Q: 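Here it is, the structure, as structure tokens.
This structure is a prediction, so every number in the text was calculated from the model and none was measured. Sequence lines set the chain letters: A, B, ... in the order given, protein chains first and strands last, and positions in each chain run from 1.
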Amino acid sequence: MKRPVWMSILIFGVIPGIFAGIQAAAYVLAWLGQKLFDGGGYLANMLTLMLVVVMVLATLLVLAERKWSALMQDRVGPNVARLPIPGLSKNPLFGLPHVAADVLKMLFKEDLVPSKVSRLMFELGPVLAFAPAFALFAVVPAGPAINWDGIRVPMVVAEPDFGILYLFAIASLAVYGTSLAGWASNNKFALLGGVRASSQMISYEVGLGLSLVGLFLAFGSVQLGALADAQTQYLWKLGDGAFDLGLPAWGIFLQPYGFILFFAAASAETKRAPFDVPEGESEIIGYFVEYSGMKFGLFMISEFVEVVVLSGVITVLFLGGWHLPVGDAWLTAKLTAVHPLLYGTVAATLFWLKVVTLCYVQMAVRWTMPRFRYDQIQALGWKILFPLGLVNLFLTGALVLIDPSLRLLAVVGLLQIGLLAALTAAAGPKKKADTALAHGGHGHDAHPAAPAAAAHH
Amino acid sequence: MTPLAPYLPIAAVLGVAGVLAVAISAIATFLGPKRFDPVKFDTFECGNEPIGSARQRFAVKFYVVALLFIVFDVEAVFLYPWAVNFKALGWFGYMEMVVFAATVVVGLIYVWKKGALELES
């Protein structure tokens with residue numbers, strides 16, 4: 001088959017299909033759990049959403065990152081591992097056997113604890129890095145709560161009223177993991193990585209907290225489910241028919257600067273490029289330099305879990321969660337009339353598709369942007385993100401008070417998007433030589449497709 | 001439902017997260033081989049013999065960053081309850097928060113001018 005054909009089947013058929021299947025099963029499990037005892041649905045969701053979906057997605061992102069970096073660097077990427085199954089033993093299966101191979105290797109590798117480390121702190125490091133990252137997803141709703149046979153079936157692990165504060169609180173615990181790992185290793189490189197990581201993470205936490213306050217001002221809540229539902233209202237809409245066309249009050253239209261500030265600050269929190277000086281593999285290796293086997297694996301997987309959680313949070317806060325941009329009420333009514341389970345499954349699948357798209361954006365950012373210098377990271381955090389966050393906050397507050405229908409805020413937001421687009425266009429290639437170069441680069445980008453397709457045949 | 005019921009799933013999640021993290025590192029400890037070698041178990045320093053210890057003094061700048069973080073993050077925490085009740089408080093609450101934030105901004109300008117934000121000096 002031609003590459004575009006199977007790629008479109010994969011993107012528009014297989015991936016949504018897998019998510020729909022998982023989500024249908026998750027709703028059924030949550031319903032059964034809720035039927036057994038009150039709160040059983042939450043426990044079932046913890047099993048399906050956190051232990052299955054997020055963990056598997058994070059594990060697959062490790063492979064996706066390797067494949068994507070290979071594509072960016074004109075390589076084929078991981079394709080050597082094979083499954084010893086007749087008929088499949090010659091098929092690289094997109095490198096999927098590498099996921100299993102990686103996990104097995106990490107589990108059976110010697111767990112090397114260097115003799116000069118502080119043993120207890122050394123063991124605590126990966127635990128304190130992984131546990132908060134894993135616990136983060138608890139408050140992110142993956143789908144609507146449906147009413148099935150008189151039982152309210154939630155699609156979130158916990159619904160506390162403090163919502164996003166839980167995220168901030170638990171995310172800041174991850175600092176202990178990295179700084180403990182760096183200090184306990186008794187290694188100069190690890191120590192450097194540890195202090196860099198901790199000072200970078202706490203610097204960006206200020207900007208991270210400020211960047212979202214504008215959104216809370218507009219919607220008057222910090223609960224993620226309520227924030228997702230608040231985005232279904234239309235700012236302007238055409239007609240009052242069953243199917244509405246209009247501009248939804250999505251966070252990204254109301255708070256484009258807030259979105260960019262949050263994305264930048266959260267990327268710094270996950271310590272991914274362009275903010276990856278704590279683990280700059282070409283200079284200091286990082287705070288986990290003395291770890292081997294699965295303990296290093298815990299640091300690695302927690303980074304990818306954070307990528308998934310960040311995508312989920314951005315989806316809920318800025319991209320309408322599980323809602324469609326237009327015609328959401330129409331779809332909800334139609335699907336709920338058939339069966340609430342169908343509506344829940346479709347909505348949650350939509351959520352996961354947005355999450356996967358945002359994961360892809362983070363991969364693309366990582367392999368597009370060069371690494372910042374350490375002092376640049378500090379300057380960006382304190383001198384740009386923090387003051388800009390304050391300005392955005394008070395501007396948003398004034399606009400919400402002047403016009404509580406949020407339309408004025410949306411007008412300013414759309415102007416901001418226009419300004420950003422104009423600035424980006426102005427910063428792009430101007431001269432003819434530059435344009436030619438950009439085109440050459442574009443053609444080059446498409447080139448790695450050839451060896452990958454060849455490997456498939 | 002007791003008032004504490006919404007927090008039970010969170011307690012469960014934190015428990016599972018802790019157990020999972022400990023279990024994964026414990027499994028790794030028990031499954032792998034153990035072959036002691038003084039060179040292999042030495043601190044990694046690019047293959048050279050380690051010079052001195054890593055338990056040394058390091059730049060005080062990192063300490064300043066931690067202090068600044070506490071000041072400004074506490075300010076951010078004060079903003080959340082205000083944001084949730086924002087529409088009820090109206091312009092009065094808005095001006096109050098402007099005054100509060102102004103004092104913090106004065107602090108930011110002060111540390112900026114003092115050079116506490118420059119790591120290279």
Q: First locate atom CG of A:L401, then atom OH of B:Y94, and finally report the distance between them rounded to the nearest 0.5 Å.
A: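 Going from CG on A:L401 over to OH on B:Y94, the span is 7.5 Å.
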Q: Quick check: closest heavy atoms across A:M294 and B:I24, and the distance to 0.1 Å?
A: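 What the structure gives for the nearest pair is CG-CG2, 3.4 Å.
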Q: Based on non-hydrogen pairs under 4.5 Å, which of B:A88, B:P33, B:G32, B:P9 is most in contact with chain A?
A: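 Highest number of pairs under 4.5 Å: B:P33.
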Q: Less than 4.5 Å apart, side chain to side chain, heavy atoms only: is that true for A:V213 and B:F86?
A: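 No - every pair of side-chain heavy atoms lies 4.5 Å or more apart.
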Q: Any side-chain heavy atom of A:I170 sitting closer than 4.5 Å to one from B:L14?
A: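 Heavy-atom side-chain distance check passes, below 4.5 Å.
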Q: Please classify the contact of A:N45 with chain B as side chain, backbone, both or neither, using a heavy-atom distance under 4.5 Å.
A: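 Contact with chain B: none, neither part.
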Q: Counting only heavy atoms not in B:F41, do more than 12 sit closer than 6.0 Å to its CZ atom?
A: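 Yes, because the 6.0 Å sphere around CZ of B:F41 holds more than 12 heavy atoms from other groups.
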Q: Does the side chain to side chain contact (heavy atoms under 4.5 Å, CB included) test come out yes or no for B:L20 and A:L51, once each step is laid out?
A: CA-CA 10 Å; B:L20 196 67; A:L51 282 169; 3.9 Å; yes
Q: Would you say the ring centers of A:F162 and B:Y7 fall short of 6.0 Å from each other?
A: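 Yes, close enough.
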Q: Can you tell which part of A:L192 gets under 4.5 Å to a heavy atom of chain B, answering side chain, backbone, both or neither?
A: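 Neither the backbone nor the side chain of A:L192 comes within 4.5 Å of chain B.
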Q: So which of B:A101, B:G93, B:G90 has the largest heavy-atom pair count under 4.5 angstrom toward chain A?
A: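 Ranked by contacts with chain A, first place is B:G90.
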Q: If you look at every heavy atom in B:M97 and A:F394, which pair is closest and at what distance?
A: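 Closest heavy-atom pair between B:M97 and A:F394: O-CZ, 3.7 Å.
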Q: For side chain to side chain contact (heavy atoms under 4.5 Å, CB included), just list the numbers for B:V84 and A:S221, CA-CA rounded to whole Å, side-chain angles, deciding distance to a tenth of an Å, and then say yes or no.
A: CA-CA 5 Å; B:V84 174; A:S221 175; 5.9 Å; no
Q: Out of A:L165, A:L212, A:I164, which residue meets the side chain to side chain contact (heavy atoms under 4.5 Å, CB included) rule with B:Y80?
A: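 Running side chain to side chain contact (heavy atoms under 4.5 Å, CB included) over A:L165, A:L212, A:I164 with B:Y80 returns exactly one hit, A:L165.
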Q: So which of A:A398, A:P404, A:S198 has the biggest tally of heavy-atom pairs under 4.5 Å with chain B?
A: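 Answer, by heavy-atom pair count under 4.5 Å with chain B: A:A398.
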Q: Please name the pair of heavy atoms, one in B:A21 and one in A:L298, separated by the smallest distance, quoted to 0.1 Å.
A: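 B:A21 and A:L298 have their closest heavy atoms at O-CD1, 4.0 Å.
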Q: Flag the pair A:V113 / B:K34 as yes when at least one side-chain heavy-atom distance between them is below 4.5 Å, and no otherwise.
A: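 Counting from C-beta outward, A:V113 and B:K34 never come under 4.5 Å.
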Q: When you look at A:I202 and B:F72, which way does the side chain to side chain contact (heavy atoms under 4.5 Å, CB included) test go after all the steps?
A: CA-CA 10 Å; A:I202 61 177; B:F72 291 109; over 6 Å; no
Q: Is B:I10 in contact with chain A via its backbone, its side chain, both, or neither, using a 4.5 Å heavy-atom distance?
A: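 Both parts, backbone and side chain.
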Q: With a 4.5 angstrom heavy-atom cut-off, which part of A:L107 approaches chain B: side chain, backbone, both or neither?
A: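 Looking at A:L107, backbone and side chain both touch chain B.
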Q: Please round to the nearest 0.5 Å and tell me the distance separating atom OH of B:Y63 and atom OG of A:S199.
A: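 Here the rounded value is 15.0 Å.
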Q: Any side-chain heavy atom of A:F134 sitting closer than 4.5 Å to one from B:V16?
A: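 The answer is yes; the side chains approach within 4.5 Å.
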Q: Drop me the distance from A:W382's CH2 to B:F69's CZ, to the nearest 0.5 angstrom.
A: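 That separation rounds to 8.0 Å.
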Q: Could you tell me which of A:F130, A:F219, A:W183 has the largest number of non-hydrogen atom pairs under 4.5 Å with chain B?
A: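 Top option by heavy-atom pairs under 4.5 Å: A:W183.
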Q: Could you tell me which portion of B:L68 (side chain, backbone, both or neither) has an atom closer than 4.5 angstrom to a non-hydrogen atom of chain A?
A: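 Both backbone and side chain of B:L68 come within 4.5 Å of chain A.
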Q: Heavy-atom distance under 4.5 Å between the side chains of A:S115 and B:K40, does that happen here?
A: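 The answer is no, as the side chains (C-beta and beyond) never meet within the 4.5 Å cut-off.
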Q: Against chain A, label B:V98 side chain, backbone, both or neither, depending on which of its atoms sit under 4.5 Å from a heavy atom there.
A: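 Interface part for B:V98: both.
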Q: Kindly determine whether A:F216 and B:L79 satisfy side chain to side chain contact (heavy atoms under 4.5 Å, CB included), including the steps that lead there.
A: CA-CA 10 Å; A:F216 304 152; B:L79 290 171; over 6 Å; no
Q: Picking from B:V13, B:D73, B:L117, B:N85, which has the most non-hydrogen pairs under 4.5 angstrom with chain A?
A: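 If we count pairs closer than 4.5 Å to chain A, B:V13 comes out on top.
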Q: Pick one of side chain, backbone, both or neither for A:I402, based on which atoms fall under 4.5 Å of a heavy atom in chain B.
A: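 When you check distances to chain B, atoms from both the backbone and side chain of A:I402 fall under 4.5 Å.
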Q: Could you pull out the closest heavy-atom pair between B:V65 and A:Q378, with the gap in Å?
A: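 Shortest heavy-atom separation between B:V65 and A:Q378 comes out as CG2-OE1, 4.0 Å.
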Q: How about A:F168 and B:V77: do any of their side-chain heavy atoms sit closer than 4.5 Å?
A: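 They are not in contact (no side-chain heavy atoms under 4.5 Å apart), so the answer is no.
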Q: Counting neighbours of CZ on B:F36 that are heavy atoms of other residues, nucleotides or ligands and sit closer than 6.0 Å, is the number greater than 12?
A: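 Counting other residues, nucleotides and ligands, CZ of B:F36 exceeds 12 neighbours.
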Q: Name the region of A:K188, side chain, backbone, both or neither, that has any atom closer than 4.5 Å to a heavy atom of chain B.
A: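 Its backbone and side chain both get close to chain B.
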Q: Is the count of non-hydrogen atoms from other residues, nucleotides or ligands lying under 6.0 Å from B:F100 atom CZ greater than 12?
A: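 It does: B:F100 CZ has more than 12 such atoms within range.
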Q: Please report the closest heavy-atom contact between A:V127 and B:V22, naming both atoms and the distance.
A: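 Taking A:V127 first and B:V22 second, the nearest heavy atoms are CG1-CG2, 4.0 Å.
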Q: Taking B:D42 first and then A:K116, would you say they form a salt bridge - that is, a charged N and a carboxylate O separated by under 4.0 Å?
A: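 Here B:D42 pairs with A:K116 in a salt bridge, since their nearest N and O are under 4.0 Å apart.
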Q: With rounding to the nearest 0.5 angstrom, report the CD to CZ distance, A:E290 to B:F44.
A: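 With rounding to 0.5 Å, CD (A:E290) is 8.0 Å from CZ (B:F44).
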Q: Does any heavy atom of chain B fall under 4.5 Å from the side chain of A:V289, the backbone, both, or neither of them?
A: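 Just the side chain, heavy atoms under 4.5 Å.
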Q: Please check if atom CE in A:M121 has more than 12 non-hydrogen atoms from other residues, nucleotides or ligands closer than 6.0 Å.
A: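 Not buried by this count: 12 neighbours or fewer within 6.0 Å.
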Q: For chain B, which candidate among A:A133, A:A138, A:A190, A:G209 shows the most heavy-atom pairs at distances under 4.5 Å?
A: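 Most pairs with chain B among the choices: A:G209.
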Q: Measuring heavy-atom distances to chain A, does B:W112 have an atom under 4.5 Å in its side chain, in its backbone, in both, or in neither?
A: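 Only the side chain of B:W112 comes within 4.5 Å of chain A.
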Q: How close do A:D111 and B:T29 get, counting heavy atoms only, and between which atoms?
A: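 Shortest heavy-atom separation between A:D111 and B:T29 comes out as OD2-OG1, 3.3 Å.
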Q: Could you tell me which portion of A:F108 (side chain, backbone, both or neither) has an atom closer than 4.5 angstrom to a non-hydrogen atom of chain B?
A: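 For A:F108, heavy atoms of backbone and side chain both lie under 4.5 Å from chain B.
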Q: At a 4.5 Å cut-off on heavy atoms, which part of A:L217 comes close to chain B: side chain, backbone, both, or neither?
A: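 Answer is both: backbone and side chain atoms of A:L217 are under 4.5 Å from chain B.
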